[in-house]
K.L.:
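Here it is, the structure, as C-alpha cells.
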Amino acid sequence: MRGAVRWATVGAVVGLVATAAGTHAGSAQEPPPPTDTVTFTFTGEIVDGVIDVPVIAAVVKVPGLRRFAFTDVNGRFFFTDFPEGTWEIIVEHLGYNTVEGAVTVAEGNGLFLRMTPDPVALEGFEVLTRSDRLLAERRQRFPFRVTRISPTMLANAISADPTAIFRRNSMSYISACPTRPTRATDWMTPDCVMKSGGAARISIYLDEFPMAGGMTHLSAIPKELIHSMDWIPEKAELRVYTRAFIQRLDEGAYSLEPLIWQ
C-alpha cells in the first residue's frame with residue numbers, strides 16, 4: 001500500500017555525519033554527473049509519522065541517478081555530488097507505506113519526511129524469516145522501484161492464472177508485443193510492458209533461472225505453487241518464487257545474487 005506523499009523542503013540538516021549510507025550512495029555503478037552540472041551534498045531526515053521518532057535503515061532511492069542511501073540511527077541520510085533539479089524519490093522501509101514523489105532540490109535545501117506505518121504489516125507479531133530478509137535486502141539495494149506481489153495477494157486473487165494476478169498487481173501497462181506475429185492466445189498471456197521508449201519484452205525468472213517459455217509457461221504453473229513475485233518495471237523483469245524455493249532459502253540452502261541494473 002502506498003501512502004500519501006508529504007514532502008517539505010527545509011534548511012539543510014545540521015550536524016549530519018558520514019555513515020554506512022554514504023557507501024551505498026556512492027556506488028561505483030552510478031553515472032557521474034555532467035561536468036557543467038551544479039552539485040552539492042543533499043541531506044534529509046525521515047521520522048515516524050505517528051510517534052515522531054527517527055526511522056532507521058529506511059532506503060532512499062533516486063532512480064534517475066541510479067543511487068540510493070540508508071538512513072542512520074538519527075533517521076538522516078545524505079548523497080554527495082547530488083545535482084540540482086527535480087528528481088523522483090522513493091522511500092521504503094518494512095512496516096511502512098512506500099512514499100514516492102518528485103522533489104526539487106538545490107544547495108542549501110534538505111528534505112524532511114514523515115512515513116506512515118503500514119497497519120497491515122504491523123498487525124500482531126510476525127517472525128522475519130531468512131527468505132523475507134534476503135528478498136527485502138535485495139529489493140532495497142536495487143535503485144529502481146520493485147513491486148512485490150505478496151503471498152497474501154496471490155492467496156486472495158480470484159483468478160487462478162499467475163499471469164492475470166501479475167497484470168492486476170503490476171501497476172504497469174502490460175500488452176501483447178507488437179513486433180511479433182499476432183497469435184490468438186496473445187490477449188491471454190501478453191508479454192510486453194509499454195514504456196516511454198516503446199514496448200519492452202518481459203523477461204521472467206523462475207526461482208532465479210530464466211523461464212524460456214515466458215508468460216505462456218508461467219500461466220501453466222498452479223497458483224498454489226507460487227509464493228510471491230517481484231516485478232521490476234525499469235528492467236521489464238519479473239521474478240517468480242515458488243514455495244519450494246522459499247523453503248530452501250529459509251533452510252539456508254541458497255543465497256541470492258544482487259539485482260543488476262546495467
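Note that these values count all heavy atoms, side chains included, but never hydrogens, waters or copies made by symmetry.
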K.L.:
Report the relative orientation of the aromatic rings in F40 and F82; use parallel for angles under 30°, tilted for 30 to 60°, perpendicular for over 60°.
P.N.:
perpendicular
K.L.:
Mind listing the closest non-hydrogen atom pair of R201 and D191 along with its distance?
P.N.:
NH1-OD2, 3.3 Å
K.L.:
Give a yes or no on whether the backbone of L249 and the side-chain of R130 come within a donor-acceptor separation of less than 3.5 Å.
P.N.:
yes
K.L.:
So, for C192 and A176, which heavy atoms are closest and what is the spacing to 0.1 Å?
P.N.:
CB-C, 4.3 Å
K.L.:
Applying the side-chain contact (heavy atoms from CB on, under 4.5 Å) test to E237, which of I202, L259, I204 qualifies?
P.N.:
L259
K.L.:
Side-chain contact test, heavy atoms from C-beta onward, threshold under 4.5 Å: evaluate it for W87 versus R67 and give yes or no.
P.N.:
no
K.L.:
Sub-3.5 Å donor-acceptor pair from the side chain of K223 to the main-chain atoms of A157, do we have one?
P.N.:
yes
K.L.:
Using only atom types and a distance under 3.5 Å, with no angle test, would you say the side chain of T71 pairs donor to acceptor with the backbone of V55?
P.N.:
yes
K.L.:
Measuring from F79:CZ to L111:CG, what's the distance to the nearest 0.5 Å?
P.N.:
10.0 Å
K.L.:
Please round to the nearest 0.5 Å and tell me the distance separating atom CD1 of I46 and atom CZ of R76.
P.N.:
12.5 Å
K.L.:
Check whether any side-chain heavy atom of F78 sits under 4.5 Å from a side-chain heavy atom of D72, and report yes or no.
P.N.:
no
K.L.:
Regarding T242 and D207, do their side chains bring together a donor and an acceptor under 3.5 Å, going by distance alone?
P.N.:
yes
K.L.:
Does the side chain of R66 come within less than 4.5 Å of F144's, by heavy atoms?
P.N.:
yes
K.L.:
Report yes or no: does K61 contribute a side-chain atom to a donor-acceptor pair with the main-chain N or O of R145 at less than 3.5 Å?
P.N.:
no
K.L.:
Could you tell me if the side chain of P258 sits less than 4.5 Å from the side chain of R141, heavy atoms only?
P.N.:
no
K.L.:
To the nearest 0.5 Å, tell me how far I89 CD1 sits from L113 CG.
P.N.:
9.0 Å
K.L.:
Please find the pair of heavy atoms, one from M115 and one from A58, that lie closest to each other, and give the distance.
P.N.:
SD-CB, 4.4 Å
K.L.:
Before giving the answer on side chain to side chain donor-acceptor pair (under 3.5 Å), spell out for T163 and D161 the whole-Å C-alpha distance, their side-chain angles and the decisive distance to 0.1 Å.
P.N.:
CA-CA 5 Å; T163 64; D161 182 356; 2.8 Å; yes
K.L.:
Thinking salt bridges, do E208 and R248 make one under a 4.0 Å N-O criterion?
P.N.:
no
K.L.:
Would you name the heavy atoms of G49 and R114 that are closest together and state the gap between them?
P.N.:
CA-CB, 3.9 Å
K.L.:
Could you tell me whether the side chain of W231 reaches within less than 4.5 Å of the side chain of I174, counting heavy atoms only?
P.N.:
yes
K.L.:
Within this structure, what is the CG-OG1 distance for the pair N169 and T147, rounded to the nearest 0.5 Å?
P.N.:
9.5 Å
K.L.:
M229, L135: one ILVMFWY side-chain cluster at the under-4.5 Å cut-off?
P.N.:
no
K.L.:
Between L225 and V240, is there a shared hydrophobic cluster once you connect ILVMFWY residues whose side-chain heavy atoms come closer than 4.5 Å?
P.N.:
yes
K.L.:
Would D250 and S131 count as a side chain to side chain donor-acceptor pair (under 3.5 Å) if you check the C-alpha gap in whole Å, the side-chain angles of each, and the deciding distance to 0.1 Å?
P.N.:
CA-CA 5 Å; D250 287 334; S131 61; 2.7 Å; yes
K.L.:
M211 and Y205: same hydrophobic cluster, using ILVMFWY side-chain contacts below 4.5 Å?
P.N.:
no
K.L.:
Between atom CZ of F245 and atom OG of S228, what is the distance when rounded to the nearest 0.5 Å?
P.N.:
9.5 Å
K.L.:
Can you find a pair of side-chain heavy atoms, one from D48 and one from P117, that are under 4.5 Å apart?
P.N.:
yes
K.L.:
Hey, quick one: are I165 and Y241 part of the same hydrophobic cluster, counting side-chain heavy atoms closer than 4.5 Å, chains of contacts allowed?
P.N.:
no
K.L.:
I want to check something: taking the side chain as every heavy atom from C-beta on, are L218 and I226 in contact at a cut-off of under 4.5 Å?
P.N.:
yes
K.L.:
Taking side chain as C-beta onward, heavy atoms only, is V59 less than 4.5 Å from E137?
P.N.:
no
K.L.:
Please report the interatomic distance CD(Q140) to CZ(F70), rounded to the nearest 0.5 Å.
P.N.:
4.5 Å
